[in-house]
Amino acid sequence: MPLSAQLANDLPPLPLALPLLSAAVLAGFRKRLSRAAADSIAIAAAAANTVICWLLLAGAHGQTIVYWFGNWFPRGTIVLGIPFVIDMTAAALAGLCSLLAFLALLFSWRSSDAGSNHFQPLMLIFLAGMCGFCLSGDLFNLFVMFELMSTAAFALTGLKTREPAPLQGAFNFAVTNTIAAFLVLTGIALLYSITGALNMAQIGLLLQHRHDAVVLFACALITCGFFTKAAVVPFHFWLADAHAVSPTPVCVLFSSVMVELGLYAVLRIYAVIFVPALGAKAAVLRMILLAFGAATAILGAFMCYAEHHIKRLLAFSTISHAGLMLVAMALGGPLATAAFLAYLAGHAFVKADLFFVSGILLHRHRTASEPALFGQAKDQPLAAALWFLGGLGLAAAPGFATIFGEALSEPAARPLHLAWISAVFLLSGLITSGAVFRTGLHTFLGWGGQPISDRSAEVDELPDSSSEDQRLSWRLFTPPAICLGAAVALALIPAFIRQALAAANYLWNQPGYLHAVYFRQRLPLAAPAARLDLAAAGVHGLIAAGGGMLLAMNSVFRRRLRRHLRIGAWLEGPLTALRLLQSGHIGDYVAWMTLGVSILSAAFFLLLH
């Protein structure tokens, strides 16, 4: 049922205000608050934010909620105020961010080093930035939320100040994402120079079908900036360095939602501003984005299998699956966007489950190195079950919401004669799940010989907790169990796909978006029809899961195979050229970012002209 008018007017600012106010209280009294009190306040604030976001989602089913800060409503076609535009997609993403922040804070309850109670306010500031980012309808406010989110993320990455590695990871993260912010801001300035507007609806209205050099360059710069946040190749180098050294609850938010928000920003801006402006030439834009998505999915998958530090392995898996989400998103239209949204939700919960389990291993065994963990977790059947089931989720096996990514993308790609997209989904799922299965066979079952060791596995990290208490409590297992259950539940709820299609339909409808912003009324739309070939997607998921397990067994029992049959060992070892690119030197990463900006900008100008 739609929210009442009073609630619709009162709730929208709370997902931003509540975490910020709670963070201010925690920061102001952090020296006087006990660890338990600080954790309790942060968990309560995240839980309340989750409830508020889900209430907004319930209200957004029958209306698009537009909240104007300071009651600065549009005057004619002129928009001076800053709005939150809350449709189903924005509210659902804000709710997902809040839920995962709640679970991450619950996981960290007295088991992660809080850095003198700096951790809790930083997590709430990060949550506020993510929610504001999801709900904003103003392009410059989107940039402000981008910076708020990034600043908190930099500090959370370097929270373990006793170690040099987190400081280096935070430095690489900060430099690359600050450059990305500069790219976004420059693109916004270019759009402002030709429209005099910052509101996304007004910019989309004023551009109409204009796609001259200034518009194209602005599109390229904004895309590159958000591609950095989304870790799209070749803007991805910072991600593995940051994930490998961040506290486990922070990694959960980085991989499960922050990366995906970069793609969401590109989708929202394209749907409202650039695709209508490009007109018929949007088909060329699709091919550019598909090329970046496919390259990201494949490169991330191979780098994932070559890693032997569990957090870095999962980080490269995130890069690969971000590529799959970009492929789905790039197809364009409501059906493909529904595939993106469904896959995003399923992947968020699956990846959160895997990172939580990696945190349990780090807490219990004081290491995240696959060689060091060999056979050490044989007495942890619950952690093993959560880990292997998470691997099935990465493979998009039947029973997990990730299966809808290919099931909805394939019918969207069929009229475009892009049959190779199914192969990209299959390859990415097979290799990344194989890496997860290989680690599980080594760690939880102790099968095969000693795992291959490399530089990434040797550079280990201190546990999240400074305590020597290595006991495992129910609090550590509750968040991953909830995440895994959510990934399965979404696949079994028939309304999930219907709601994803409805949300995608409204997100992709620029006239409806403009009407909602200017007149505060949503135009009624019929949900697009979708014939899901779940049987084919399920077969592909089973092939990916079975192939991933065979690949993992090939690595685990490599010494029993003839040399030319050691496919897994080949994927783990000789990818030297690719692994050397991940040098850890910020100058190298900036050089690759520059190359990415050049390639994307050149592609826009050459292909769109």
Side-chain angles (χ1 to χ4, degrees), residues 50-51 53-54 56-58 60-61 87-104 134 252-253 255-257 259-261 263-264 317-318 321-322 324-325 328-329 334-356 385-386 388-410 425 429 433 478-505 507 527-528 530 532-535 537-538 540-542 544-545:
T50 304
V51 173
C53 289
W54 292 120
L56 288 174
L57 176 60
H61 277 78
D87 58 10
M88 294 171 63
T89 304
L93 283 177
L96 178 63
C97 293
S98 300
L99 176 59
L100 289 174
F102 165 73
L103 295 175
C134 294
V252 168
L253 295 183
S255 260
S256 298
V257 284
V259 167
E260 288 81 350
L261 288 184
L263 295 175
Y264 164 73
S317 167
T318 296
H321 291 271
L324 294 182
M325 284 182 264
M329 186 187 82
L335 193 58
T337 301
F340 164 74
L341 295 175
Y343 196 87
L344 186 156
H347 174 266
F349 286 118
V350 167
K351 188 54 61 69
D353 162 60
L354 291 170
F355 264 111
F356 280 134
L386 293 170
F388 283 107
L389 289 173
L392 290 176
L394 286 187
F400 292 88
T402 46
I403 193 175
F404 296 123
E406 183 182 351
L408 286 166
S409 294
E410 199 277 332
F425 272 90
S433 66
T478 300
I482 291 174
C483 289
L484 195 64
V488 174
L490 290 178
L492 301 178
I493 299 175
F496 174 62
I497 288 300
R498 291 199 302 271
Q499 298 302 327
L501 286 166
N505 204 27
L507 188 150
L532 299 184
D533 194 352
L534 284 176
H540 286 181
L542 290 174

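Values below: every heavy atom of this structure, side chains too, minus hydrogens, waters and symmetry copies. For clarity, every value in this text was computed on a predicted model and none was experimentally measured.
- The two residues Ser98 and Cys53 come nearest to each other via the heavy atoms OG-SG, 3.7 Å.
- The two atoms that bring Glu260 and Ser255 nearest to each other are OE2-O, 3.0 Å, heavy atoms only.
- In terms of heavy-atom proximity, Leu341 sits nearest to Ala500 at CD1-O, 4.1 Å.
- Between the CG atom of Leu261 and the CG atom of Leu344 there is a distance of 7.5 Å, given to the nearest 0.5 Å.
- For the side-chain contact (heavy atoms from CB on, under 4.5 Å) with Val257, the qualifying choice from Leu99, Leu96, Leu93 is Leu96, the only one to do so.
- To the nearest 0.5 Å, atoms CD (Glu406) and CG (Leu324) are separated by 9.5 Å.
- The side-chain heavy atoms of Leu389 and Asp353, taken from C-beta on, include no pair separated by under 4.5 Å.
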As a quick check of understanding, evaluate side chain to side chain contact (heavy atoms under 4.5 Å, CB included) for Phe349 and Ile482, giving each step before the final call. CA-CA 9 Å; Phe349 286 118; Ile482 291 174; over 6 Å; no
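- If you check the side chains of His540 and Glu410, you find no donor sitting under 3.5 Å from an acceptor.
- The two residues Ser409 and Ala339 come nearest to each other via the heavy atoms OG-CB, 3.4 Å.
- Taken from CG in Asp87 to CG in Leu56, the straight-line distance is 11.5 Å, to the nearest 0.5 Å.
- Heavy atoms only, all atoms of each residue included: Phe356 and Cys483 are closest at CE1-SG, 3.9 Å.
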Evaluate the criterion side chain to side chain contact (heavy atoms under 4.5 Å, CB included) for residue pair Val252 and Lys351; output intermediate values, then yes/no. CA-CA 7 Å; Val252 168; Lys351 188 54 61 69; over 6 Å; no
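- Between Tyr343 and Phe425, the ring planes are perpendicular. Angles over 60° get that label, and only those under 30° would be called parallel.
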Between Thr89 and Phe340, does a side chain to side chain contact (heavy atoms under 4.5 Å, CB included) hold up when you go through it step by step? CA-CA 11 Å; Thr89 304; Phe340 164 74; over 6 Å; no
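- For the atom pair CZ of Arg498 and CD1 of Ile493, the computed distance is 10.5 Å after rounding to the nearest 0.5 Å.
- The closest side-chain heavy-atom distance from Leu542 to Pro398 is below 4.5 Å.
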Could you walk me through whether Leu57 and Trp54 pass the side chain to side chain contact (heavy atoms under 4.5 Å, CB included) check? CA-CA 5 Å; Leu57 176 60; Trp54 292 120; 3.0 Å; yes
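- Closest approach of Val350 to Ala487, counting heavy atoms only: CG2-CB, 3.8 Å.
- Side-chain N or O atoms of Thr402 include none that pairs as donor or acceptor with a backbone N or O of Gly346 at under 3.5 Å.
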